[in-house]
Every structure is written in structure tokens, then in C-alpha cells.
Amino acid sequence: MTITKRFWISLLFSLPMLINMILMPFGWMLPGGNWTQLALTTVIMLVSARPFWQSAWASFNKHHSNMDTLVAIGTVTAYVYSIYAMATNQAVFFESAAFVTTFVLLGQVFEERMRNNASNAVEKLVDLQAKDAEVMRDGKLVKIPLSEVIVGDIIRVKPGEKVAVDGTITDGTSTIDESMVTGESMPVEKKTGDKVIGSTINSNGTFMFKADKVGDDTMLSQIVELVKKAQNSHAPIQNLTDKVSDIFVPTVLILSILTFLVWYVFLDASVANSLIFAVSVVVIACPCALGLATPTALMVGTGRSAKMGILIKNGEVLEAVNDVKTVVFDKTGTITVGKPEVTDIVGDEKEVLAFATGLEQFSEHPLASAIVKKADNSNISVPKVSQFKALEGKGVEAVVAGKQAFVGNDKLLADVDIDDNMKQQVIKLQEEAKTVVFVGVENKVIGLIAIQDAPKDTSKEAIADLKARGLKTVMLTGDNQRVAQAIASQVGIDSVIADVLPSDKADHVKALQQDGKVAFVGDGINDAPALTVADVGIAMGSGTDIAIESGGIVLVKNDLRDVDRALALSKKTFNRIKLNLFWAFIYNVLGIPVAAGLFFGIGLSLSPELAGLAMAFSSLSVVTSSMLLNKAKITSKARVAV
């Protein structure tokens, strides 16, 4: 039976006793008197309160106590004593057992509703998926269900229609509203060769695209899965809550017994009154709000970040972000656009391009793609290549047109001749923030290819945001020191670590961790080890699958400014968790003395039912505090609020 049904049953059977309490001073009595109360409370105990007993008993068998232990003991004590009191013609308080159960369930209903709202916000994305697609089959366009679309299908999208799956445009142009996935409010212009995301809405053009990812592999499906995992994860601080509960519950039970003994033995109170104080202590101390503090804030924070195009994978990331001192960036595709272009060729252009293209035609590296593109535009014929060999972090070598040739960076130049004029050209190009690729034949450099990958328009602003927060920024790249320094100067990076082999990136991150926690931002396969080693790995959404899998945070929009937003929102969420825990714990600590009757002499006391109501409102306050995260301003010291 659901929590909501249990609550409504408990409320329905409690209402007659509530009416009885209100009207009793006016001479009205509940028909059937104590027998009716017994019957009503018994239904509540058997139907609504039973899961509390089961949970408490299961914990007891494992030599633990939990929040349900206090609720079970409080309600059972009130119920059993009332039966005894009824048999001996003493005052009963069945209503206490009934109302405590009702109010505890009320708090749990608040929690469940909030969980559902958080989950539904994500599930609505799934509902936005197209139901069918217009696919090219046997030379004809036919409409088929989305489930039948396969990778490689050519799909047509007309104005106003939804993009069925993730893919690449093969023909046509348009603007697409991607806000439901990336959080980007402005429509994005798309042309042949551009990627499109499933479930986004086509605006004004008709285009054809090839399906790259379908079903659970689409970006939308992965986003939904990541957010679900994050909302069900635990921040390490939750372990502290669990430990506190393990100590807190037995302590409360001891205090409850002491309360009973003090009132009954030393203050000559009746058994009934002493028991009321004892039960009130048990009920008011139930740390339900303590249990809600972390998961509710975690759900709201990760849900909001997803709407902004920032996927936070788990609670551990939230906690680690709070102590980050240094943010380390990969260069290509992270700080820069990731689409380098050939700007200069030194030497015989046709010969240099021919050898370089022959070597780089099978590489997926962005620099290789730039060389191949330049050769295509220049109509360079590609010579025959054999004995191809990749040299990690250096380049490639092979036999081209019968000659031993190589293409790569200056790490290949140890045993190679290069004239002084070319050396000067290298320095000049590197100081212009251009990456220089050396092309050599038979141990002699025959030419240079200068490639430039400009910084993203938002990189400088993003770095300024992070520095305004007092964070140190570092660029970690395999590129040459001069080129890296030139890019760093353009965007405002504090320090540069250049000439780093892909396999060594993780080691440099470990070295930086000696001075405090490190966040690493990257997008490539070679960034995966560093993303994993860093305290917080932040992967660009345009990156490789392995990089995205390795990151703890994924930036769907590929906007570097979202690094600052991700850190700000993570800190905001974690601080809200700490605030919730503080108030939940303080509430319990302050409520126990009142429930124990310490202030009874000045007319201040709590009956079990009022203690239950107060406890329900403490849970509500924690849930409300967490929900307010949706309204909290995510600000940068260098920019206005989001």
C-alpha cells in the first residue's frame, strides 16, 4: 500500500477522535466511547502503522535502530497502555497513537510528492520524444514508429516537427529549438554536417539527417538516466546522518525511559501522565527531518541543473566541489573551438601537404582533420602509404611514396635536421598561438604546417568567472609551451603545463592535488584518466563517450561558462544540505526538553499528538527549504545572476 493511501486511511479514522477532543469540553462524547476509539486506532495501527513496526523490527534484527524505531515504539506504547488503562478504568490516549501515525505519514507524503515532482520533471523530457519518423526506405519516404528507426537511417524533418533521434544533417538547413535538452533558450542554426539532438523541435527549414544514435543511446535517454542516478545517490555527508541516527535513536529511548522514571518516581505523577511525557519525547525526537535533509536537496539541485544543461551525476560530486581550489582545463575542444584550420604552410606547399595528408588521412585527431581538409580544398592527390605507425604524444610515421616520412610535433626532432630559417619560422608561428606540425622525409624536415584553433568566444569570460571565485586556473595540454602560453594569455589562464603526453595528464592532476582539491575539464579520450583522477571531473557534452562517462559533471551545451554555473549550483545545493541538517538536528535537540516536561512549571508542554504534528512540520520545513533551491539565484561575481 502506498504512503499516500496509508495517510488517508489514518486521517479518516483519526478525524472522529479529533472531533471528540474538540467537542468534549462542550459535553459531546464520541458514540461508543473508548470502545470506538479502540476500534478506530486498531485499524490505523494494523493498516497505516504496520510498516513502521516492520521496519523497526528489521533494523533491530540487524542490531541497528532507525527513524521508524522511534515512531513504532511511541505509537505501540500509547496503544498498548491505552488498552491497559481501558481495562482498569483509567484515562486512555488512543488519539495519541492515531495522531502520531497520521502526522508522521503526512511528513512522508510531503517527501514522496517532492520526489515525484522531481522525477516527473525529468520524465516529461521522455514524453517530448517524437512518436514516429519519416524514414527513407527503398528510395521512398515512409512514416514508421520511433522504435523501428535504426542507426544509419536517413530521416526527413519538416518545419515544426520533432527530430526523432540523434544524428548528423546530410542535406538542408534550419534552426532548431534545443532548449528542452540543453537549456539554451535561443534556437540554433544548423547546416549540413552539424549534429542534431533527438526530441528537439525543428523551426523553419526542411532537412535530411542520418541517425547516429537511437533508443537508450540518444542524448535525451542518457540525460534522463544520469539524472535518475543522481537523484537516488547519496552525498558522503549522508553517512554522517546515518551515524548520528544510530547513536541518536538509542539515546532518545534512554531519555524517554528516564523521563518516565523522573515523573513517576520523583515527581509523583500518575502512570498515564508520566507515559505521556515519555511518548512525547520519543515522537518529537524522531529524526525524520534529518533523513529528508540530504535527499530532498539533492533531488532538487540535480533536477534544476539538468534544466540548465548541466548534468551532475552523484552526490559525491556536490560535496567535492565545495572544496575545489584549482580548475584544470584541457586546451583543444575545451578552451578552444576544437575545429582547427591550416593557416600557413612553409616549404613546397603541394609536396608538404601530400606527405602530411598521406600520413594523417587515417587519424581522427583534430589537427589531422585540419590537414586533410586543406588537402581536399587544394585538390592534392594522396600518395600510397605503408608501414603506418603512431607515436604516442609525438605524431605518426610511415613509408610514403617509397620514402620514410613523419608528421608530428617537436618531440620527433631529436635526430632530424632542420635549418635555422625554419627554426625562426617555428618560433614566429608559435608566438601567434599557432600549433606547428613538422613534416619530414628521410630524417629531414621539408616543411611546416601551422594550424590555429581559436579560443571559444565564451572562454575568456568563463575563466574570469572562476578567478572571481578565488579559484586557480591551469591549462594542461600536449601542445607546445609557446602556443599554449599564447592561448592562455588570450583567455586569462593563470598557469600553463604544456608538452604533456596523454598518459601523463593524470599524473599532473595528482601533483596539483597536493595543494587542494582539483576539478578537471576536458572532452577527449586522452582526458578520461585525468577526469577520473580529479576530485571533480567535468566533461564537455561534445566530447567522446569515454570522456563523458569519466566525468562527474557533464556540460551539455559545451559552454565553458557552465563550469562556473556547475560549481556555483553544486555549492548552493551542498550548502542547502548542510542548512537542512543543522535545522533538523537543532529542532530535535530543542524539542526534547519541552516534550520531557522541563518547562511544565511555566505551562509549556507537548502532548504526543502535538509532538507528532510538530515533527511533521519540521519535515515540511526541510522539504520547503530544498524546494527553494529552484528559486535560488546562481550568481557569478563576474556576471549577473542566472
Side-chain angles (χ1 to χ4, degrees), residues 122 124-130 133-134 149 154-214 217-224 226-227 304-311 332-341 366 369 453-462 521 523 538-545 547-548 553-566 639 642:
V122 177
K124 283 178 182 176
L125 286 174
V126 179
D127 294 336
L128 292 173
Q129 282 185 326
E134 200 172 10
V149 175
I154 301 298
I155 303 169
R156 182 172 72 175
V157 186
K158 292 185 285 189
E161 290 184 343
K162 294 176 182 177
V163 178
V165 294
D166 296 0
T168 305
I169 293 180
T170 57
D171 183 41
T173 60
S174 187
T175 56
I176 297 179
D177 178 2
E178 297 183 339
S179 58
M180 70 282 293
V181 176
T182 67
E184 181 61 61
S185 58
M186 295 297 292
V188 182
E189 292 185 7
K190 299 284 185 178
K191 61 184 184 301
T192 301
D194 288 343
K195 299 287 185 183
V196 291
I197 304 170
S199 303
T200 55
I201 301 174
N202 183 27
S203 296
N204 54 15
T206 297
F207 63 87
M208 308 286 287
F209 77 96
K210 184 176 77 171
D212 295 335
K213 293 181 179 180
V214 300
D217 293 330
T218 63
M219 180 182 287
L220 182 66
S221 296
Q222 291 177 346
I223 287 174
V224 171
L226 284 174
V227 175
R304 182 179 179 189
S305 68
K307 292 175 185 176
M308 294 167 61
I310 300 167
L311 304 182
T332 305
T334 302
I335 292 175
T336 61
V337 175
K339 294 182 179 178
E341 295 183 351
S369 300
D453 185 12
K456 294 176 182 175
D457 294 337
T458 57
S459 291
K460 185 174 183 179
E461 185 179 348
V521 188
D523 72 327
I538 303 176
M540 305 300 287
S542 61
T544 60
D545 290 343
I548 292 172
I553 297 175
V554 180
L555 308 181
V556 177
K557 290 186 289 186
N558 308 309
D559 187 339
L560 210 58
R561 291 174 299 182
D562 282 343
V563 173
D564 179 69
R565 288 177 180 166
R639 291 187 287 124
V642 175

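In this text the structure is predicted, and so the values were computed from the model without any measurement. Numbering of residues begins at 1 and proceeds along the displayed sequence.
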- Query: What's the spacing between Glu134 CD and Met208 CE if we round to 0.5 Å?
  - Reply: 8.0 Å
- Message: For a 4.5 angstrom cut-off between non-hydrogen side-chain atoms, does Glu189 reach Thr173?
- Response: no
- Considering residues at least two apart in sequence or located in another chain, which fulfil the salt bridge (charged side-chain N to carboxylate O under 4.0 Å, His left out) criterion with Lys158? none
- Output for pair (Glu161 CD, Ile201 CD1), nearest 0.5 Å, gives 11.5 Å
- Note on the structure: When Ile538, Ile335, Asp457 are each screened for side chain to side chain contact (heavy atoms under 4.5 Å, CB included) with Leu560, the one that passes is Ile335
- Note on the structure: Which of Asp562, Leu311, Ile310 passes side chain to side chain contact (heavy atoms under 4.5 Å, CB included) with Val556? Answer is Leu311
- Note on the structure: Taken in chain and number order and not counting sequence neighbours, the residues that satisfy salt bridge (charged side-chain N to carboxylate O under 4.0 Å, His left out) with Asp194 are Lys191
- How many angstroms lie between atom CG of Asp166 and atom OG1 of Thr218, to the nearest 0.5 angstrom? 5.0 Å
- Query: Residues two or more places apart in sequence or in another chain: which of them pass side-chain contact (heavy atoms from CB on, under 4.5 Å) with Asn204?
  - Reply: Ser174, Thr175
- Selection residues 197-212 - residue pairs positive for salt bridge (Lys or Arg N to Asp or Glu O under 4.0 Å), sequence neighbours left out: Lys195-Asp212
- Message: Working to the nearest 0.5 angstrom, can you tell me the gap between Met540 CE and Leu555 CG?
- Response: 5.5 Å
- Message: Could you work out, with side-chain contact (heavy atoms from CB on, under 4.5 Å) as the rule, every residue matching Ala133, not counting sequence neighbours?
- Response: Val135, Val149, Ile155, Ala164
- Task: Just jot down the side-chain hydrogen bond (donor to acceptor under 3.5 Å, both in side chains) partners of Thr332, sequence neighbours excluded, or say none.
- Result: none
- Item | Distance in Å, Asn202 CG paired with Lys162 NZ, rounded so as to fall on 0.5 Å steps | 13.0 Å
- Message: I need the single residue from Thr192, Thr168, Asp171, Val157 that forms a side chain to side chain contact (heavy atoms under 4.5 Å, CB included) with Phe209. Which is it?
- Response: Val157
- Using modelled atom types only, decide if a donor and an acceptor are shared between the side chain of Lys213 and the backbone of Ile197 within a distance under 3.5 Å. no
